Each structure stands twice: as C-alpha cells, then as structure tokens.
Enquirer: 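Dumping the structure here so I can ask a few things about it.
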Protein chains: 2
Amino acid sequence: MSRAVQHPKKRGKLLGIHAVAAKARVSIATVSRTINRVPTVNPQMAKRVWAAIDELGYVPNIQARALGSGRSGVLGLVISEITNPFFPELIQGFEDVALASGYEILVSSTNYDPKRMELCIRRMLERKVEGVAVMTFGIEQPLVEELAERDVPLVFVDAGPERPGISLIKVNYHHGVRQGVQHLAALGHRKIGFISGPMHLHSARSRAEAFSLSLAECGIKPRAKWMLEGDHTMEGGIRAMEQILDSADRPTAVMCSNDMTALGVLHKAYRVGLRVPDDLSVVGFDDIHMAEVMIPPLTSIRMSRLDLAQAAITALRAHVEGTGPQREYQVDTRLVVRESTGYPPGAMTDLVKNGKAEPARRR
Amino acid sequence: MSRAVQHPKKRGKLLGIHAVAAKARVSIATVSRTINRVPTVNPQMAKRVWAAIDELGYVPNIQARALGSGRSGVLGLVISEITNPFFPELIQGFEDVALASGYEILVSSTNYDPKRMELCIRRMLERKVEGVAVMTFGIEQPLVEELAERDVPLVFVDAGPERPGISLIKVNYHHGVRQGVQHLAALGHRKIGFISGPMHLHSARSRAEAFSLSLAECGIKPRAKWMLEGDHTMEGGIRAMEQILDSADRPTAVMCSNDMTALGVLHKAYRVGLRVPDDLSVVGFDDIHMAEVMIPPLTSIRMSRLDLAQAAITALRAHVEGTGPQREYQVDTRLVVRESTGYPPGAMTDLVKNGKAEPARRR
DNA sequence: GGGACCTAAGAAAACGCTTTCTTGTCCGTT
DNA sequence: AACGGACAAGAAAGCGTTTTCTTAGGTCCC
C-alpha cells in the first residue's frame with residue numbers, strides 16, 4: 001500500500017479529514033470508516049485515528065458528510081408559532097426523541113402566514129430533510145403538496161391526505177374532552193360554553209366536535225350561542241370571554257380549546273371581578289407547564305408532548321428506514337383536575353339548604 | 001461554445017443544477033451564476049434559466065452550496081432553555097432579524113446541562129456557523145473557548161472574554177431596575193426583597209447589583225435576608241417566596257430577576273391567600289408577553305427582545321462581513337407599570353386616617 | 001484588416017466527505 | 001507449491017454546488 005497523500009492544501013496545511021489521515025498515517029478512507037464505526041477497521045489503526053482526531057480537535061463537516069452520503073440526518077418540524085408555550089414544550093420533546101434516534105431537527109414556524117409557510121417548505125427542501133412532522137394543528141394544503149410530491153415522508157396530526165409516505169397521528173380528543181365535560185356535569189354544570197380555535201383548522205373542528213359529542217352524551221343540549229370561535233391566543237380568549245359576558249344568559253363553565261385561550265378567559269374574568277371557579281369554571285386544553293401555576297391553577301385536558309413527539313418520530317423513522325410504515329398512530333388525552341373548576345354559582349347554597357352536601361372548601 | 005453536457009446521471013435522469021442546465025441549454029456554471037445573480041449573465045439566458053428552474057421545481061441543495069462556497073449562511077443562537085417563554089420570544093426576534101439580513105439561524109439550548117452544552121458547541125462547529133450569539137445569561141467557559149479558538153465570531157450578553165472576534169451586548173439593567181425601585185419607593189415601600197437568578201451566572205449578579213445600587217440611591221438599606229437566590233423558574237420563585245413567608249419580618253415588595261420567577265411568587269401568594277398588590281407588591285423582569293395577562297397583570301422591567309436580537313446580529317455581521325466590528329453594543333431596560341404593584345399594606349389606611357390621600361381603587 | 005482587449009459562457013477544478021472499486025496480503029486447499 | 005478466496009486498507013469516483021481558468025466571439029482603433 002502506498003502512502004496516503006491525496007489533496008495537499010495550499011500553504012502546506014491539510015484540512016479536515018486529510019489532516020487526520022496524515023497524522024494517523026492512514027488514508028482518508030480509513031479515517032472515514034473509523035469515524036463511522038465500520039467494523040472492519042483494524043483496532044490498532046482505529047486507535048491511531050481517534051488519537052489524531054483528538055489531538056487536532058477535528059470536527060467533521062456535516063454538510064460535506066450529508067452531500068457524500070446522500071443522507072442529511074435531519075427531521076423537520078413545522079409548528080404554528082414558537083411564542084405559544086405549547087410548541088416549545090413540543091420542540092423539546094421532539095428534539096429529545098430525535099436525538100435519541102440519531103437525528104437532528106430543523107424547526108420552522110408558519111406564524112399562520114402563507115409567506116412564512118412557503119419559507120418553511122423551502123427550508124425543508126433546501127436542507128434535504130428526511131421527513132417532516134407538520135404539527136401546526138391545521139394542515140396547510142400547498143405545503144403538503146409540495147413536500148409530498150417530492151416524496152418527503154410526512155406525518156400530520158389528526159388529518160392529512162391519504163397517500164403513501166404520509167402517516168397520521170390520531171389524537172383521541174374525545175377521551176379527554178368527555179372527561180372534562182363529565183367533570184363539569186358532575187359538579188352540576190348544565191350551561192357549558194366552548195371556545196374553539198380557528199374553525200378553518202382541522203384540529204379546531206375535531207376538538208369542537210368532541211365537545212358537542214360529549215355534551216350530548218351527558219344529556220346536555222349544545223347551544224350554538226355558547227360555541228365561540230377563538231384563535232388559540234390569549235387575546236382570542238379575552239375577546240371570546242367578552243362575548244360571553246355580553247350575553248344575557250351566560251354559561252357557568254367554559255371549555256377552551258387550548259390553554260392560552262383559557263389564560264385569556266381567566267384574565268378577563270379577573271378584570272370584571274368574576275371569581276374562578278366560584279362564578280365561572282374554566283377548563284383548558286393541552287396542559288402546558290404553566291397551567292399548574294395559573295391563578296387559579298387550571299383544570300386542563302392533557303395531551304402529552306412527549307407522546308406526540310414520540311409518535312411523530314416513530315412514524316417518520318418507519319418511512320425513512322423502511323421498517324413497516326404504519327399509517328396511523330394514536331395519542332390519548334386525559335383530564336387533569338386543578339382548581340379552576342367548581343360548583344356552578346348557586347349550586348352550593350342550594351345543596352347546603354337541602355342538607356345534601358357540605359359546601360366545598362377551596363384551599 | 002460547445003454543448004453543455006457534463007455529468008449524465010444514471011437512468012438518464014439528470015439531477016439538480018444539471019437538469020436545469022440541460023433544460024435551459026446552458027452550462028451549469030451559467031445556472032449557478034444566474035441563481036446567484038451574477039450581473040454578467042445575458043438576460044436572455046437568465047430568463048431561460050429561470051424558466052427551467054420553475055418548470056422543474058428546482059430547489060438548490062444548500063449543503064452542496066455551503067460546501068462549494070465555503071459559506072454556510074447560518075448564525076447560531078445558544079439559549080438556556082426553550083421552555084422559558086422569554087427565549088421563544090427572543091428566537092422569534094433573532095430569526096426575523098437574521099432573515100432580513102439573509103441568514104438562517106441554528107438554535108440550540110443548553111438546558112443548564114454541561115452535556116447539552118457540549119452538544120451545542122459541536123452542532124455549531126459541525127454546521128460551520130459563521131457566528132454564534134450566546135444568550136444564556138451565564139457565560140459557559142468551555143463553550144466559549146472551544147468556539148473562540150476556532151475563530152468563530154461570538155457575541156455575549158453582559159460579559160465575556162476580551163478577545164478579537166468577540167463582542168458584547170451590555171444591558172443597562174440599572175436603568176430599568178432603578179425605575180422599578182423608585183416606583184416602589186414612591187408608593188411607600190421600604191422593605192423590598194429581591195429574588196435573583198443563580199448567582200453563579202453573570203447576568204444574575206448584574207441584576208442583583210443593579211438592585212442593591214438602586215436601593216441605595218433611594219436611601220434604603222439593602223437587607224441580606226431579603227436577597228434570595230432563585231433559578232429563573234416558576235418553581236424557584238415559589239421556593240423563594242416560601243422563604244419570604246417563613247421569615248418574621250417580611251418585605252412588602254419583591255422584585256424578581258425574571259418574569260417566570262415572578263409568576264411563581266404570584267402563585268405562591270395566591271396559594272397562601274396573600275393579595276397582590278394589596279398585601280405584597282411584585283415586580284418582574286423581562287416583560288414577557290404573558291406578563292400582561294397574569295393575575296394581576298405584572299409590573300415588569302422590559303428588556304426588548306428585538307433590540308437584543310438586533311444588536312446580536314449586527315455584532316455578528318460586523319465580524320463576518322468585516323465591517324468595522326465594534327466591541328460593545330447597548331441595550332436598555334425600562335419599567336412597565338401594571339397592577340402587581342401598589343401601596344404597602346397599612347399605608348393606605350394610614351394615609352386615609354391622616355386625611356392625606358384617598359384610598360387607591362384598583363380596577 | 002489585424003492585433004489588443006473585453007466579455008460572456010463553457011470546462012474543469014475544488015469543497016470535504018462517503019463509498020465503490022482495486023489491490024496487496026495472508027490463509028487454507030489440494 | 002500453486003491457486004483461490006477473504007479481508008483490510010488505499011485509490012479514486014462521486015455528491016451538487018461555486019469558482020477559477022479557458023476560450024470563442026466581438027469591438028475598437030490605428
């Protein structure tokens with residue numbers, strides 16, 4: 001075997017893998033194989049190579065690697081907006097799971113803006129991601145098409161086009177929502193409102209439907225005037241709450257389709273001097289970390305970020321690595337009872353009058 | 001000029017730039033030049049090229065581009081933890097500014113974990129970022145060294161090693177903190193506590209010092225027992241608040257070194273039935289978006305995320321593009337008064353008794 | 001009208017890896 | 001002892017761009 005000299009660089013200095021090869025007195029191929037843990041390299045040589053890598057502080061150029069191997073090792077994550085606390089928690093989960101599977105992630109947010117959405121797609125395409133999880137809670141059609149056409153494995157939440165290479169994560173909203181409604185009904189509520197997300201988004205409709213269904217199950221007739229449309233933001237919650245306050249016949253409890261909306265409701269209630277839960281019960285959705293310290297701590301329907309991330313990455317990997325791609329994955333939701341829900345106003349005194357129950361003491 | 005055929009790909013299909021070149025009947029060099037808007041290409045040809053790009057839906061491979069040009073066009077952003085709402089807001093700003101300057105960003109969080117920190121560095125190095133903004137509010141020494149040694153332009157907040165290629169963003173904590181302390185003092189508070197961040201972080205110390213200094217300026221003697229150490233989380237705020245509650249001589253107002261801490265304080269106060277601001281005034285720091293809807297809305301010291309992002313990217317660009325790199329950049333802070341601050345307990349009645357003032361009515 | 005220059009576009013050489021192709025060795029067979 | 005197969009490591013061919021180097025045409029000017 002001849003000496004390993006290949007690309008002498010200007011100024012005599014070798015760069016990157018060549019420098020390592022020279023220092024370890026092996027060929028660059030061997031260095032590459034060592035780094036990639038190809039089992040056939042002689043342990044002796046491997047040791048030399050690692051030593052050289054160490055001494056030189058060599059860090060592989062990931063772009064060159066991607067180019068050479070044709071694999072980027074990156075999974076994309078498209079979210080709605082990073083400033084909604086639900087998403088950072090999701091990102092964290094996604095990153096942890098991805099890392100454990102040997103992938104890096106590329107996060108991009110649409111900000112509900114078509115321009116940004118295009119940017120998202122372009123980024124994913126330019127970076128040659130191996131798969132994309134679209135967790136915007138509202139499938140953006142053009143985005144889908146563009147990616148699907150190029151055979152990028154995709155995973156959506158709730159709903160998405162039926163096509164090979166595309167998986168779905170079905171969130172069982174009904175379970176959690178039913179628990180929530182039953183919880184309220186059990187407390188004595190009959191007048192329950194719902195603040196949805198933007199109704200043009202699929203997940204918003206899913207959640208609203210789950211609510212109507214659950215209501216019916218409890219024998220409560222849904223009233224259209226108590227179905228408000230929010231937009232997943234605090235401001236939307238505040239506006240919806242204002243509508244509720246304006247109406248003559250107010251609900252005694254409100255469910256929100258996410259925790260930010262609930263936060264807005266809580267805020268507005270505080271503003272007008274309505275006590276939660278004494279005057280109004282509030283239920284959130286998502287159970288973001290902060291729900292626990294809201295005032296009062298928010299009863300919410302939990303959707304595990306980790307489960308979601310886990311499912312998404314499992315789905316993507318299944319496609320990328322060709323290991324039995326499944327079309328659907330399930331994620332459950334469940335009620336977490338805290339202190340934003342209580343008896344409807346008047347109920348307590350009635351009960352006490354009738355000697356049927358002790359007044360509930362809140363901490 | 002000869003026909004432009006260069007790399008015929010297997011299966012007859014050309015890929016990437018070659019396909020475009022073939023379709024437009026030009027050489028790949030011309031395609032590249034067109035895309036990069038080199039002014040010397042014939043408009044005629046350029047039009048043909050763009051048409052071909054359009055028809056083929058060609059998207060350049062960004063890794064190949066980075067490799068060929070030696071420029072990644074990526075700026076790194078290292079943050080502490082993505083689940084603290086301050087950071088997503090910062091990321092958003094950073095991304096917007098970067099985008100406007102023609103850069104992409106790579107965000108990585110340390111999670112206060114040395115292992116993760118190493119991962120951060122490695123990522124930045126592997127991806128060949130052109131500069132890194134370290135906004136962890138606590139300079140991690142090893143991280144710095146590794147990057148600085150490789151001549152990656154860096155920008156820190158508050159403090160960092162004095163070295164070429166490294167810039168600093170000096171946050172004027174004193175301005176905002178002084179306003180906060182004066183605000184409290186004006187309301188009549190003399191017993192003011194402070195919950196800092198982890199004192200081993202530089203920015204935590206800076207904020208604490210600004211507080212002590214401001215206190216002195218108002219002629220109030222700082223009391224060590226009212227200087228608590230938090231950790232920038234809600235939980236830390238809760239713990240600190242517990243300490244405050246345990247002490248016999250409680251402060252009438254508390255300043256927190258970030259809003260999450262304040263949120264914890266608010267929560268704990270609620271838990272024990274302390275009314276804010278009637279029984280205790282609370283001032284936050286950062287003024288995250290959510291501060292506005294906390295219960296009660298939080299008086300906070302605002303540090304503009306956009307200013308921070310702007311300064312960071314300006315600094316980095318100055319180094320990368322060699323346009324008069326400056327060592328220091330300034331960012332200011334200022335008080336935003338909301339409803340978590342009021343007269344100290346007793347003050348109102350005293351004043352009323354003495355006929356000096358009307359009791360303040362809160363909305 | 002024929003050099004001396006420009007100019008614009010093609011050819012080809014990087015860029016830093018991965019991976020296939022080759023080749024030299026060492027063994028086991030017969 | 002000659003031959004074939006394994007095996008490990010080097011050589012070299014990509015990967016998809018950018019960029020340098022060349023070269024084919026035009027202009028200009030005397």
Side-chain angles (χ1 to χ4, degrees), chain A residues 1-11 13-22 24-49 53 56 58-73 125-128 130, chain B residues 1-11 13-22 24-49 52-53 56 58-73 125-128:
Chain A
M1 294 162 213
S2 62
R3 264 301 305 289
V5 174
Q6 210 161 284
H7 259 314
K9 290 297 288 291
K10 51 193 139 187
R11 298 227 359 79
K13 284 271 184 220
L14 300 205
L15 227 45
I17 209 176
H18 292 108
V20 178
R25 301 189 317 282
V26 298
S27 71
I28 60 165
T30 300
V31 175
S32 174
R33 288 195 270 254
T34 306
I35 292 173
N36 293 296
R37 306 216 133 75
V38 173
T40 62
V41 315
N42 180 327
Q44 281 280 336
M45 292 200 141
K47 236 175 76 182
R48 284 221 310 273
V49 172
I53 287 176
L56 293 166
Y58 166 72
V59 176
N61 178 330
I62 219 168
Q63 349 218 37
R65 184 190 290 226
L67 195 54
S69 69
R71 297 206 37 187
S72 67
L125 254 24
E126 286 181 339
R127 286 258 143 75
K128 292 270 175 297
E130 300 185 17
Chain B
M1 293 157 215
S2 62
R3 264 303 304 290
V5 174
Q6 211 162 284
H7 260 313
K9 290 297 287 292
K10 53 191 138 190
R11 298 226 1 77
K13 285 271 184 219
L14 299 206
L15 228 46
I17 209 175
H18 291 108
V20 177
R25 301 188 319 281
V26 299
S27 71
I28 60 164
T30 300
V31 176
S32 174
R33 289 195 269 254
T34 305
I35 292 173
N36 293 296
R37 306 217 133 73
V38 174
T40 61
V41 314
N42 180 328
Q44 282 279 338
M45 293 200 139
K47 236 176 75 183
R48 285 221 309 275
V49 171
I53 286 177
L56 293 164
Y58 166 72
V59 176
N61 179 330
I62 218 169
Q63 348 218 41
R65 186 190 289 229
L67 193 55
S69 71
R71 297 205 38 188
S72 68
L125 255 24
E126 286 182 339
R127 285 256 143 72
K128 292 271 175 293

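Chain letters run A, B, ... following the sequence lines, proteins first and then strands; every chain starts at 1. None of the values given here were measured: they were computed from a predicted structure.
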Enquirer: Given atom CD1 of B:I17 and atom P of C:dG10, what is their separation to the nearest angstrom?
Expert: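 In whole Å, C:dG10 P lies 12 Å from B:I17 CD1.
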Enquirer: What does B:G70 touch in the nucleic acid at a heavy-atom separation under 4.0 angstrom: a base, only the sugar-phosphate, or nothing?
Expert: nothing
Enquirer: Just compare C:dT18, D:dA9, C:dA9 and give me whichever is closest to any side-chain atom of B:T30.
Expert: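 Between C:dT18, D:dA9, C:dA9, the one nearest the side chain of B:T30 would be C:dA9.
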Enquirer: Taking atom P of D:dT17 as reference, at what distance in whole Å does atom CD of A:Q63 sit?
Expert: 14 Å
Enquirer: Name the closest nucleotide to the A:A64 side chain, picking from C:dG10, D:dA8, C:dC17.
Expert: C:dC17
Enquirer: Compare the minimum distances between each of C:dT18, D:dA9, D:dC15 and the side chain of A:I28, then state the nucleotide with the smallest one.
Expert: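 Of all the options, the side chain of A:I28 is nearest to C:dT18.
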Enquirer: Whole angstroms only, please: what is the CZ-P distance between A:R33 and D:dC7?
Expert: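 Distance, rounded to whole Å: 15 Å.
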Enquirer: Hey, are the side chains of B:I17 and B:R65 touching, using non-hydrogen atoms and a 4.5 Å cut-off?
Expert: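 No, every pair of side-chain atoms sits at 4.5 Å or beyond.
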Enquirer: Are the side chains of A:S32 and A:I35 in contact, using a 4.5 Å heavy-atom criterion?
Expert: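 Side-chain contact under 4.5 Å: no.
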Enquirer: Is any side-chain heavy atom of B:K128 closer than 4.5 Å to a side-chain heavy atom of A:N61?
Expert: yes
Enquirer: Please give me the minimum heavy-atom distance between A:A66 and A:S72, naming the atom from each residue.
Expert: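 Reported closest heavy-atom pair: CB-CA, 4.0 Å.
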Enquirer: Rounded to whole Å, please give me the gap between CD in A:Q44 and C1' in D:dA9.
Expert: 15 Å
Enquirer: Output yes when a side-chain donor or acceptor of B:N42 lies under 3.5 Å from a complementary backbone atom of B:Q44, and no otherwise.
Expert: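 The answer is yes, because a donor-acceptor pair under 3.5 Å joins these two groups.
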Enquirer: What's the closest nucleotide to the side chain of A:A29 if the choices are D:dT19, D:dA9, D:dA12?
Expert: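 Minimum distance to the A:A29 side chain belongs to D:dA12.
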Enquirer: Grab the CE-P distance between B:M45 and D:dG25 for me, whole Å please.
Expert: 13 Å
Enquirer: Select base, sugar-phosphate, or nothing to describe what A:S32 touches, counting heavy atoms under 4.0 Å on all strands.
Expert: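 Since a base atom lies under 4.0 Å of A:S32, the category is base.
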Enquirer: Rounded to the nearest angstrom, tell me the gap between atom NZ in B:K128 and atom P in C:dC15.
Expert: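 Whole-Å distance recorded here is 14 Å.
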Enquirer: What's the CG-C1' distance between B:N36 and D:dT20, to the nearest Å?
Expert: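 Value for this atom pair: 15 Å.
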Enquirer: Which comes earlier along DNA chain C counting from the 5' end, the contact point of B:V31 or that of B:S69, where each point is its nearest nucleotide?
Expert: B:V31
Enquirer: Roughly how many Å is it from CG in A:N42 to C1' in D:dA6, rounded to a whole number?
Expert: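 For the pair A:N42 CG and D:dA6 C1', the rounded distance is 15 Å.
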Enquirer: Side chain of B:N61: nearest nucleotide among D:dG16, C:dT18, D:dA8?
Expert: D:dG16
